[in-house]
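Supplied in structure tokens, the structure appears directly below.
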There are 2 protein chains.
Amino acid sequence: MEERQALSIFAALSQETRLRIVRLLVVAGEPGLPAGAIAEEMGTAASTMSFHLKELEQAGLVRSRRESRSIIYTAEYGALSGLIRFLMEDCCAGRREVCEPALAVATGCCAPDAPRACS
Amino acid sequence: MEERQALSIFAALSQETRLRIVRLLVVAGEPGLPAGAIAEEMGTAASTMSFHLKELEQAGLVRSRRESRSIIYTAEYGALSGLIRFLMEDCCAGRREVCEPALAVATGCCAPDAPRACS
DNA sequence: TCCATATTTCGATATCTCTAGAAACATTGC
DNA sequence: GCAATGTTTCTAGAGATATCGAAATATGGA
């Protein structure tokens, strides 16, 4: 991942509503959620939600598709794992203090007998 | 890591100069670098650098100590690994698409025969 | 075609962020 | 005590961001 996209993703995730949107969409999974449902869940005006969703889409964190009258948003898992990779490779440079704790978490998350949720 | 601190860290890292500062300090390691040296490296005014360093310190990404006339800044590795953990545990919830690629990176980074740098 | 629904774009406003010069503060050495 | 050095705080201004109502756009159904 290039620095420019990482900066863009950090900016996108630094806003409370947008972080909650990403969380919501990650849990929602493949089927995703229509913009209106997200706005209702967050308690914001439709236009405000549209603004935030555009930010997230431009950062590459979500993808949208039209389905009849609705526009359905889904999480882009690759952007999230790419960001984690960026943090480890960029911040690990020359040091292991960052990478090793991350390895421990990832190992716990992804063990064959781990529950579906990683926390 | 609490959502509040994660938001604060995302905001801190969403600014190009600050991201570069973190990178610089991670590489600098334990001895750290004085504010003036960082400002010179980045080509910013001392007051601007002070502003950014304060942001980073408030986010918990760096720590400062006085040494004679200089103030030395060092990276807080725990905040970085904590952020990675936050991303994995918060975004992995119910899904493995994020965690598994992260595990692959971390494994490569931290293998016994891996070079000091993780990328 | 016309109306209802879902969402985005536009316009305006309030707030926050970034920048750097000037002044203030802290430390050291003479 | 005084000057030099290193850093922070203050102040101000330019630019970016977040919010929402109103208007515009797109789709589906009667």
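Everything numeric in this text was worked out from a predicted model, so none of it was measured.
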- [ ] Specify the separation, in whole Å, of atom CE of B:Met42 and atom C1' of C:dA20.
- [x] 18 Å
Task: A:Ser68 side chain, from C-beta outward: closest of D:dT27, D:dT8, C:dA6 - done: D:dT27
Open item on the list: From CD1 of B:Ile72 over to P of D:dT7, roughly how many Å is that when rounded to an integer?
Closed with: 7 Å
Open item on the list: What contact category does A:Thr48 fall into here, base, sugar-phosphate, or nothing, at under 4.0 angstrom with non-hydrogen atoms?
Closed with: base
TODO: Rounded to the nearest 0.5 Å, what's the gap from CD on A:Gln5 to CD on A:Gln58? Could you check?
DONE: 12.0 Å
Open item on the list: Can you pull out the residues from residues 28-36 of chain A that lie within a 4.0 Å heavy-atom distance of DNA chain D?
Closed with: none
Open item on the list: Tell me the interatomic distance from A:Leu19, atom CG, to D:dA18, atom P, rounded to whole angstroms.
Closed with: 13 Å
Task: Over 12 non-hydrogen atoms of neighbours within 6.0 angstrom of CZ in A:Arg23 - done: yes
Task: Whole angstrom value for the distance that separates P of D:dA18 from CD1 of A:Ile21 - done: 11 Å
- [ ] Go through D:dT19, D:dG6, C:dT5 for me and flag the one nearest to the B:Arg69 side chain.
- [x] D:dG6
TODO: Examine distances only and state if a side-chain atom of A:Ser50 and a backbone atom of A:Ala46 form a donor-acceptor pair shorter than 3.5 Å.
DONE: no
Task: Check: A:Arg66 side chain, A:Ser68 main-chain N or O, donor-acceptor pair, under 3.5 Å - done: yes
Open item on the list: Under a 3.5 Å distance rule, please check whether A:Gln15 uses its side chain to pair with a backbone N or O of A:Thr17 as donor and acceptor.
Closed with: yes
Open item on the list: When you compare the side chains of B:Ser64 and B:Glu57, does any donor N or O come within less than 3.5 Å of an acceptor on the partner?
Closed with: yes
- [ ] Send over the distance from B:Leu7 CG to C:dC16 P, rounded to a whole Å.
- [x] 15 Å
- [ ] For a side chain to side chain contact (heavy atoms under 4.5 Å, CB included) with A:Leu25, tell me which candidate from A:Ile72, A:Leu33, A:Thr74 qualifies.
- [x] A:Leu33
Task: Estimated bend of the helix from C:dT1-D:dA30 to C:dC30-D:dG1 (axis per five terminal pairs, rounded to 10 degrees) - done: 10°
- [ ] Quickly work out the A:Gln15 CD to C:dT17 P distance and round it to whole Å.
- [x] 11 Å
TODO: Would you indicate which nucleotide in D:dT8, D:dA18, C:dT8 comes nearest to any side-chain atom of A:Arg18?
DONE: D:dA18
TODO: Considering non-hydrogen atoms only, spot the tightest contact between B:Leu13 and A:Phe10 and give its length.
DONE: O-CD1, 3.4 Å
TODO: Look at the side chain of A:Tyr77 and the backbone N and O of A:Leu61, then say whether any donor-acceptor pair between them is shorter than 3.5 Å.
DONE: no
Open item on the list: Below 4.0 angstrom, which residues in residues 50-66 of chain B have at least one non-hydrogen atom near DNA chain D?
Closed with: B:Ser50, B:Lys54
Open item on the list: Nearest whole Å is fine: how far is C:dT8 C1' from A:Ile71 CD1?
Closed with: 8 Å
Open item on the list: I want to verify a distance call: between D:dT5, D:dT8, D:dG21, whose nearest atom is closest to the A:Ala45 side chain?
Closed with: D:dG21
Task: B:Tyr73 vs D:dG6: side-chain N/O to OP1/OP2 distance below 4.0 Å - done: no
Open item on the list: Which is more 5' along DNA chain D, the nucleotide nearest A:Ser47 or the one nearest A:Ser14? Just name the residue.
Closed with: A:Ser14
Open item on the list: Does B:Glu3 have more than 12 heavy atoms from other residues, nucleotides or ligands lying within 6.0 Å of its CD?
Closed with: yes
TODO: For A:Met49 and D:dG21, give me the distance from atom CE to atom C1', rounded to whole Å.
DONE: 16 Å
Open item on the list: Salt bridge or not between B:Arg65 and B:Glu67? Use side-chain N to carboxylate O under 4.0 Å.
Closed with: yes
TODO: Would you indicate whether A:Arg20, at its atom CZ, is surrounded by more than 12 heavy atoms from other residues, nucleotides or ligands within a distance under 6.0 Å?
DONE: yes
